[in-house]
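Excluded from the calculations below are hydrogen atoms, water molecules and symmetry mates; all remaining heavy atoms, backbone and side chain alike, are included. None of the values given here were measured: they were computed from a predicted structure.
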Amino acid sequence: MSPTSQSFPTSPIVSKAGTLFSQLSNNSDALTVVAPDLISQFEINFWYHGISSSPPKLLWRSDFETNPFAIPALGDRFFRIATKTAYGVFGTRLNEVWDATVVPQIKDVMKAHGLKYSALKTARFSTVVEEDGEESFGPVVVWISVHPNTTNAGAVRDATPDILHILNDAQVTGVVVEWYEGTVERLDGPPLMRVEDNTSPAFGLNHPFNTGLGIPIARASDDAQGTLTLLFQEVKTRNGDPSDTILALTNKHVASLDTTTHYDFDAANPQSILVCGERRFARAFDEIEDAVNTGLRDAVRLAGELEDLESKSGGQTTRAIQRKQTSLDEKHQDNATLQELFDEVDEKWRDANNRKLGEVHWAPEISVRVDERHYTRDIATLAVNEEKLKNFTRNIVDLGNQYNAGQLEDRFWPVATIRQNKTIPADLQLPILRALPRRLAINPDTEDKNGEPLYVVGKYGSTTKLTLGNYSGMDAYTCTEFGLESREVVVYNCKGSGDFSAKGDSGALIFTGDGGGLAILHSGMPRGMHNHITYATPLWWAFKQLLERYPSAQFYDIEYTPK
């Protein structure tokens with residue numbers, strides 16, 4: 001389903017280049033030079049076709065008049081665009097004079113013309129035309145990118161003769177100068193997205209890539225899956241030096257393959273952590289793609305219903321037609337938002353290098369003998385890439401799109417009289433306000449409909465997303481087959497809510513409906529394919545361990561009372 005009229009948005013499955021070709025090849029203005037551009041829109045968009053999935057647009061080239069670019073006839077559906085590949089330049093006269101002679105003078109020229117360049121480099125392009133499949137190589141190119149929106153085609157054209165003059169003086173001949181817009185960026189990947197308002201069609205779909213807690217993470221080394229607990233600031237190092245490092249908390253067994261040895265950051269052997277492993281990314285991508293295609297089908301249905309109403313109205317505009325048109329317009333707006341999300345995830349997050357969240361910073365061995373309490377210390381910290389956190393402000397749980405606020409209030413606080421003083425944020429963005437002290441965690445703030453004490457908690461995990469469970473109140477004591485004993489926070493599955501956790505949810509924060517952080521999920525007790533008990537480490541106790549390692553840690557306004 002890929003119609004292209006205004007009422008039928010293009011499916012994301014259709015190639016972007018194919019869609020653009022269809023639009024430009026049927027537009028006479030796009031096939032000719034139209035002011036203020038000095039090159040046709042068709043050439044601007046397709047000159048670099050093939051060098052990447054989203055190639056840059058040509059701004060100007062010095063051989064524009066002597067080397068014409070093949071343009072299709074208006075409406076030619078069978079025209080084939082040449083495909084290019086960029087190669088390096090070796091063994092030429094330009095190689096000999098590039099660094100010492102040519103580059104300094106070209107930079108002077110650009111400065112004199114007021115051009116803000118972002119990269120100055122050389123390349124040689126091969127071209128393949130589909131009809132014959134033969135590859136031909138073009139001339140050496142001095143390839144210059146300027147910062148976007150800082151100049152125009154006329155300005156770079158005017159500077160080009162001076163650059164060619166420099167090349168001729170250096171006895172470099174046959175070289176072409178090409179210009180385009182671009183910015184050099186660190187390859188940390190895109191920043192995590194902001195948490196969408198629940199009125200947005202992207203709400204709940206961008207969760208794997210936004211700054212809400214429960215971010216799915218994975219070891220880059222072997223794709224082992226887990227979940228991010230929360231973020232905190234170091235502020236000062238252990239030596240008292242100022243620090244602006246932002247750290248993420250998760251499980252040791254999520255961060256490290258070897259859980260029996262202590263690890264501190266080793267620059268010679270860094271352990272990278274990704275936002276979404278390959279399996280989790282594929283799942284998230286499929287969910288977004290399904291939403292896009294469902295939106296397209298809905299638009300087709302609404303357009304058909306509108307057409308039926310119009311045909312039956314005898315040319316009169318009725319209230320029913322107006323309402324249907326409004327619904328169709330809103331659906332188009334929602335589809336545009338979903339398409340934008342699809343494109344962003346496809347282009348910026350598919351590459352694992354772009355999903356790099358950070359490096360393991362501190363990961364002590366898993367232990368149940370840290371102190372006399374014998375809680376399981378299964379924690380690790382990640383030094384998070386700064387670029388990933390442009391949209392982060394505080395620790396907020398994005399509750400997703402499985403329930404609305406009223407439904408969650410009913411589940412967290414089943415009794416109406418208690419629920420009157422409790423609210424879930426209408427935008428479903430729940431801030432974590434405090435690490436629950438032990439004294440509060442064992443004193444429920446609600447009850448079930450039979451008057452029995454009840455403490456309903458939630459978690460957002462990589463695998464099972466938002467689930468609700470019943471906090472046990474009392475700790476559990478566990479013992480391995482080798483006699484190793486530990487003490488754990490326990491959560492049971494809620495009636496009608498499915499399993500509280502599953503593999504891949506390790507590291508998820510367990511929280512109350514009013515923003516209390518209860519514990520860090522680390523294990524369960526599965527039987528067959530399902531898990532009926534979830535074990536976790538108290539958040540207040542984990543904070544105690546973190547503060548021993550990071551004495552000046554601040555938890556983004558999460559209230560914490562030391563024990």
Heavy atoms from other residues, nucleotides or ligands near CG of D557 exceed 12 (cutoff 6.0 Å): no
Geometric class of the Y455/Y471 ring pair [parallel <30°, tilted 30-60°, perpendicular >60°]: perpendicular
Ring centres under 6.0 angstrom apart (F342, F285): yes
Neighbour count above 12 (heavy atom, 6.0 Å) for E340 CD: no
Value rounded to 0.5 Å, distance of CG in N293 from CG in D298: 11.0 Å
Atom NZ of K121 with >12 non-hydrogen neighbours under 6.0 angstrom: yes
Side-chain (N354) to main-chain (W349) donor-acceptor, under 3.5 angstrom: no
Contacts of type ring pair (Phe, Tyr, Trp, His ring centres under 6.0 Å), residue Y117, not counting sequence neighbours: none
Side-chain donor or acceptor of N385 paired with backbone N/O of E387 under 3.5 Å: no
Pair D343-Q339, side-chain donor/acceptor within less than 3.5 Å: yes
Side-chain donor-acceptor contact under 3.5 Å, R157 with T160: no
Closest heavy-atom pair and its distance - P425, L430: CD-CD1, 3.9 Å
Partners meeting salt bridge (Lys or Arg N to Asp or Glu O under 4.0 Å) with E330 (sequence neighbours left out): none
Whether Q225 side chain and D223 backbone form a donor-acceptor pair below 3.5 Å: yes
Qualifying residue for side chain to side chain donor-acceptor pair (under 3.5 Å) with K459, from T534, T227, T464, T229: T464
Aromatic contact, F46 with F69 (centres under 6.0 Å): no
Counterpart residues, salt bridge (Lys or Arg N to Asp or Glu O under 4.0 Å), relative to R219 (two or more places apart): D222
Parallel, tilted or perpendicular: rings of Y48 and F125 (30°, 60°): tilted
Where V176 and P139 come nearest, the two heavy atoms and their spacing: CG2-CG, 3.5 Å
